[in-house]
Asks: 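Below is a structure I'd like to ask you about.
Keep in mind the model is a prediction, meaning the values are calculated, not measured. Scope of the values below: all heavy atoms of this structure, side chains included, with no hydrogens, waters or symmetry mates.
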Amino acid sequence: MARKPPSVFEKLADWLCGEGMFCDIPGDMREEFDKNSGLSGWFIASVKYAYTALTLIRPFILRDKFSRLHLSVWTTLYIENIRVYYRSLRKSPLISILNVGGITLGYAVCWMVFCYVHHELTFESHLEDRSRLFRVELTANMPKRFFESVKTSEPLIDILRTKYPEIETAGRLREPVDVTFEYQGIYRKVSKCYFVEPEILDIFSVQMVEGNIDSFGNPDHVFITRDFSNDYFDGDRALDREIMINGSNLKVAGIVETPPSNTHFKYNILRPIPNTFRERVRKDPTENWLTNNTLGYIKLKQGIDPGSFESKIEKIADQYYREELESLDYTLTHFLRPVRDIHLKAHNIHELELPGNVTTIYIAAFTGFIILCIVIMNFINHLSVIYLRRSNEFAIRSILGGGSFHQLKQSFAESILALSVILILSYGIAFIGLIYVNQLLDLQLRLPSLLTWNLIVIILVIVIVTGIVTSILSSRHIISNRIPGNRSCKAITPLYKGLSIFMPFAISLVLIIISITVFLQVNFMMIKDMGFNKSNKIVVDAQLGSTNEKEHYKRVKDAFDHPYVIDVTASWSTPGDRYTAFFTSSENVTDRLLNYLFVDEDFIDTYKISVIHGEGISDKDSLNNLVLSGSSLSKFGWGSPAEAVGKIVEVGTSVGIIQARVTGIMKEINYRGLQHELEPIGLLYMPEYFKKLTFTVDENHFTEAVAAIEKSWKALELGEYFDYRLLSRQIHAHYRTEANLNVLTLLLSIISLILSCIGLINFISLNNSEKLKEIGIRKVFGASKKDIYGLISRDYLLNTLLAITLACPLAYILMEIWLDSFAFRINLSLTPFAVAIALVIFILIATSSYQTIKIIHSSPVDAIKNE
């Protein structure tokens with residue numbers, strides 16, 4: 001038998017020359033191949049044949065093959081496929097709207113979840129050479145005390161900058177502060193004002209928009225962000241404008257690019273750290289090693305191993321402060337934290353921004369992936385139902401010569417076209433949805449451009465894989481139902497059907513249980529007694545001046561004597577603020593760190609703090625009064641409150657060592673949030689540091705009380721800009737991460753339930769279509785409505801029961817792990833599980849009832865006739 005030329009090149013020749021004047025060329029090539037095959041053998045003849053075929057690839061031939069005529073034919077075919085799909089949707093408009101709308105909504109949720117996960121995992125991605133950027137942190141080992149601090153010793157960065165050639169640059173910054181900003185007589189409160197060294201601008205890749213970066217060192221100059229300039233200068237050119245910040249006249253010397261949302265260093269205003277501070281640090285590097293007021297950042301040179309460099313500097317304090325540390329029995333160890341790890345791995349109380357939560361990211365990513373799987377399965381079921389309704393059409397095509405491969409190609413084309421339209425619509429919905437999600441979660445999520453290559457690849461993979469699976473399963477459904485005796489899909493159909501019901505309802509159950517549990521935990525933390533009263537309290541910043549003059553201080557407080565103002569007290573900070581610690585010592589123990597609040601004599605009564613032994617704070621004692629929490633006793637070696645009261649201790653503050661008398665012991669108060677264990681705290685009478693006023697107001701006359709406070713505040717000239725905040729909101733801000741998780745899981749639960757209902761509708765439609773003849777025959781032979789209902793509902797009820805059986809233990813394990821991260825937590829009860837199961841069963845019955853009742857009351861004659 002004569003051998004043929006290679007089929008690939010034969011088909012190439014036929015495709016290139018199959019029309020018009022080239023139609024004889026393939027025949028001539030075959031004759032030449034037969035001739036060469038007899039003379040030189042098949043291999044040589046095949047090589048020559050392939051060479052001839054390849055030489056036929058000419059520009060004018062390709063132009064003819066890809067002419068507008070052909071493209072118009074392809075376009076017409078695709079448009080016709082869309083029209084066929086649209087006509088199929090119109091046959092069941094309500095179900096079609098639910099299907100297409102739900103699938104589109106599901107993909108929109110996947111878009112938004114993708115944006116959230118991408119945002120959280122790409123923190124600091126905008127920084128140049130971020131692999132070489134580190135924050136220098138500190139661990140302190142003291143007698144019975146160990147802590148980590150993001151703040152480092154004042155001389156450290158200067159020493160690293162000058163003594164270690166491995167460092168390319170190093171810089172310091174101070175914690176952000178809220179300032180009063182004034183321009184053209186208008187006062188505003190502005191947050192995130194930083195004092196930084198010029199090196200910080202390089203480390204964090206601060207981009208100049210206008211101005212000269214070299215002018216940053218001038219203490220009278222200030223840099224602001226582009227967004228700040230647009231918001232506060234009303235379109236005026238901000239550069240070189242004179243502004244006032246906290247009473248100081250400054251010049252806007254530069255406009256910098258607004259930092260992205262996925263960075264831990266977000267700023268509105270940048271000011272240079274005063275030169276006096278830098279000179280003081282450089283003057284004597286052996287001092288101030290126990291004064292931690294700044295955060296230090298370094299950039300290593302190329303090729304430097306961070307681990308080796310870290311080992312060189314971990315004991316750097318011993319080189320300059322060894323004797324003093326040994327006398328205090330302290331050990332200071334420095335280590336490096338990569339800047340790109342700060343958001344997810346650093347959880348110090350003095351972090352510049354509220355850190356992220358890895359658990360939340362995992363939950364969001366896993367849920368988004370599951371929802372994507374559910375959406376794809378719903379889309380497959382949706383098209384399968386449509387193709388089953390068109391099974392007569394496919395049967396006729398088969399009779400007229402259209403094989404299964406042609407049906408596969410048609411269903412594939414329709415699938416990818418329908419899915420492409422849905423993906424584009426979902427992108428638009430996600431774009432709008434992110435506006436509300438950002439407001440709800442206080443984020444700045446943005447959809448990536450559709451034109452990025454990685455996104456194009458992801459979309460193509462989803463479209464092609466979904467199209468292939470849809471076309472294969474749909475074709476097998478049609479063949480198995482239209483060709484007698486064919487059961488090619490029966491091996492995979494039960495498993496696929498089971499997954500299409502089990503997976504959506506299982507993940508819905510887990511999400512509902514998580515959402516309810518998170519809500520209960522957040523609500524528990526917000527209403528639990530923290531040891532002080534936080535209700536109906538507003539906090540106002542105030543420049544109290546010299547409050548050492550008791551008469552002046554009393555006049556200030558007496559000025560707020562209004563009917564709707566119940567109490568007023570002054571302090572350095574309030575519960576919910578950031579805290580540091582001071583050193584205390586007594587005759588039994590030396591140098592223990594203690595968290596503190598500087599307060600006046602009315603603080604304990606205003607906040608309703610319970611003193612269990614002794615008295616509160618008084619301004620009549622010759623020594624400063626100190627009230628300690630009960631857990632502080634063990635730090636000083638005191639066995640009982642009675643032993644502690646009356647003791648005199650030394651307190652180390654920024655103004656030096658002062659003596660204080662312990663006047664009382666109070667119940668524990670939680671000032672950091674209930675995620676953390678209770679820590680010892682002291683209330684110290686230190687009027688030099690008072691800068692906040694706390695008012696307890698009549699909740700029934702809140703507006704009148706605020707107006708009265710503002711009037712007195714302005715009359716006393718306690719500042720340029722009056723602004724107040726609710727203490728309860730300030731404390732609840734500690735639970736923002738948990739609240740965001742609650743909102744996220746609630747939204748995903750709702751979306752998952754919607755998709756589960758759509759999947760159930762498609763499942764019942766597909767199941768009823770396959771059992772239509774069986775149901776009709778059963779009715780003819782006398783089957784009751786109860787029997788028919790049991791036949792129809794058996795599959796999805798069993799799968800739902802399986803979902804409940806597996807979802808509840810999984811949710812229980814996840815929630816126990818999550819709740820164990822809280823120092824104060826709820827006990828996981830049956831309530832979330834019972835509510836979730838009841839809700840899912842109700843939705844299951846409500847969703848399935850319509851189609852089930854419809855098929856039960858249908859005519860058996862029509863069913864058999866249809867077959």
Asks: Answer yes or no for K537 and Y607: cation-pi contact, defined as NZ/CZ to six-membered ring centre under 6.0 Å and angle to ring axis within 45°.
Replies: yes
Asks: Would you please classify the geometry between the Y724 ring and the F722 ring as parallel, tilted or perpendicular, with 30° and 60° separating the classes?
Replies: tilted
Asks: Please round to the nearest 0.5 Å and tell me the distance separating atom CG of N218 and atom CG of N212.
Replies: 11.5 Å
Asks: Do L201 and L270 have side-chain heavy atoms sitting under 4.5 Å apart?
Replies: yes
Asks: Any carboxylate oxygen within less than 4.0 angstrom of a Lys/Arg side-chain nitrogen, looking at E166 and K301?
Replies: no
Asks: Mark yes or no for whether N670, through its side chain, and M530, through its backbone, hold a donor-acceptor pair below 3.5 Å.
Replies: no
Asks: Side chain to side chain contact (heavy atoms under 4.5 Å, CB included) between V136 and I298: does it pass, once the steps are laid out?
Replies: CA-CA 7 Å; V136 185; I298 65 172; 4.0 Å; yes
Asks: What's the separation between atom CG in L727 and atom NE2 in H732, rounded to the nearest 0.5 Å?
Replies: 9.0 Å
Asks: Decide if atom NE2 of H126 counts as having more than 12 heavy atoms of other residues, nucleotides or ligands within a radius under 6.0 Å.
Replies: yes
Asks: Decide yes or no for R135 and H264: does some side-chain heavy atom of the first lie under 4.5 Å from some side-chain heavy atom of the second?
Replies: yes
Asks: Which residue in the set L138, T139, L160 passes side-chain contact (heavy atoms from CB on, under 4.5 Å) when paired with H334?
Replies: L138
Asks: For the pair Y232 and F181, name the ring-plane relationship: parallel under 30°, tilted 30 to 60°, perpendicular over 60°.
Replies: perpendicular
Asks: Taking atom CZ of F519 as the centre, does the number of heavy atoms from other residues, nucleotides or ligands within less than 6.0 Å exceed 12?
Replies: no
Asks: Do you know which two heavy atoms are closest between E353 and T263, and how far apart they sit?
Replies: CG-O, 4.4 Å
Asks: Mind checking whether F204 and F265 have parallel, tilted or perpendicular rings, split at 30° and 60°?
Replies: tilted
Asks: Is the OH atom of Y362 crowded by more than 12 outside heavy atoms at less than 6.0 Å?
Replies: no
Asks: If you compare all heavy atoms of K266 against all heavy atoms of Y194, which two are closest, and at what distance to 0.1 Å?
Replies: O-CE1, 3.1 Å
Asks: Would you call R725 and D541 a salt bridge, using N to O less than 4.0 angstrom?
Replies: yes
Asks: So do the side chains of I709 and L693 get within less than 4.5 Å of each other, counting heavy atoms only?
Replies: no
Asks: Ignoring hydrogens and angles, tell me if any N or O in the side chain of N536 forms a donor-acceptor pair with the backbone of E699 under 3.5 Å.
Replies: no
Asks: Describe, in one word, how the ring planes of Y596 and W572 are oriented to each other, choosing from parallel (under 30°), tilted (30 to 60°) and perpendicular (over 60°).
Replies: tilted
Asks: How many angstroms lie between SG in C110 and CD1 in I371, if you round to the nearest 0.5 Å?
Replies: 6.0 Å
Asks: Are the charged groups of E128 and K299 less than 4.0 angstrom apart, N to O?
Replies: no
Asks: Could you report the tightest heavy-atom contact between H221 and P272, atom names first, then the distance?
Replies: O-CD, 3.5 Å
Asks: Heavy-atom distance under 4.5 Å between the side chains of F123 and I342, does that happen here?
Replies: no
Asks: Enter the distance from F228:CZ to I255:CD1 here, rounded to the nearest 0.5 Å.
Replies: 9.5 Å
Asks: State, yes or no, whether a side-chain contact exists between P575 and Q730 at a heavy-atom distance under 4.5 Å.
Replies: no
Asks: Does any part of the side chain of R271, heavy atoms only, come nearer than 4.5 Å to the side chain of L250, both counted from C-beta?
Replies: yes
Asks: Ignoring hydrogens and angles, tell me if any N or O in the side chain of T258 forms a donor-acceptor pair with the backbone of D227 under 3.5 Å.
Replies: yes
Asks: Do you know the tightest heavy-atom contact between G106 and V375?
Replies: CA-CG2, 3.6 Å
Asks: Can you say whether the rings of F233 and Y183 are parallel (under 30°), tilted (30 to 60°) or perpendicular (over 60°)?
Replies: tilted
Asks: Ignoring hydrogens, what is the shortest heavy-atom contact between R446 and C115? Give both atom names and the distance.
Replies: O-SG, 3.5 Å
Asks: Nearest 0.5 angstrom please: I200 CD1 to I203 CD1, how far?
Replies: 4.5 Å
Asks: Between R172 and E197, does at least one N-O distance fall below 4.0 Å, as a salt bridge requires?
Replies: yes
Asks: Could you walk me through whether D129 and L300 pass the side chain to side chain contact (heavy atoms under 4.5 Å, CB included) check?
Replies: CA-CA 9 Å; D129 304 317; L300 295 179; over 6 Å; no
Asks: Report, as yes or no, whether the 6.0 Å neighbourhood of atom CZ on F702 holds more than 12 heavy atoms from other residues, nucleotides or ligands.
Replies: yes
Asks: Applying side chain to side chain contact (heavy atoms under 4.5 Å, CB included), run through L295 and Y297 and close with a yes or a no.
Replies: CA-CA 7 Å; L295 286 76; Y297 294 83; 4.0 Å; yes
Asks: Identify the heavy atoms of E124 and R130 that sit nearest to each other, and give their distance.
Replies: O-CD, 3.2 Å
Asks: Looking at K345, I want to see if its NZ is surrounded by more than 12 non-hydrogen atoms of other residues, nucleotides or ligands under 6.0 Å.
Replies: no
Asks: Measuring from atom CG of L127 to atom OG of S125, what distance do you get when rounded to the nearest 0.5 angstrom?
Replies: 8.0 Å
Asks: Could you tell me whether R337 atom CZ has more than 12 heavy atoms of other residues or ligands within 6.0 Å of it?
Replies: yes
Asks: Please tell me if the side chains of I167 and R161 come closer than 4.5 Å, counting only heavy atoms from C-beta onward.
Replies: no
Asks: Just so I know, are the side chains of Y267 and P259 near enough to count as touching, which here means a heavy-atom distance under 4.5 Å?
Replies: yes
Asks: Side chain to side chain contact (heavy atoms under 4.5 Å, CB included), that's the test. Do F335 and I313 meet it? Break it down for me.
Replies: CA-CA 8 Å; F335 66 95; I313 68 167; over 6 Å; no
Asks: Within the side chain of E310, is there an N or O that forms a donor-acceptor pair under 3.5 Å with the backbone of L336?
Replies: yes
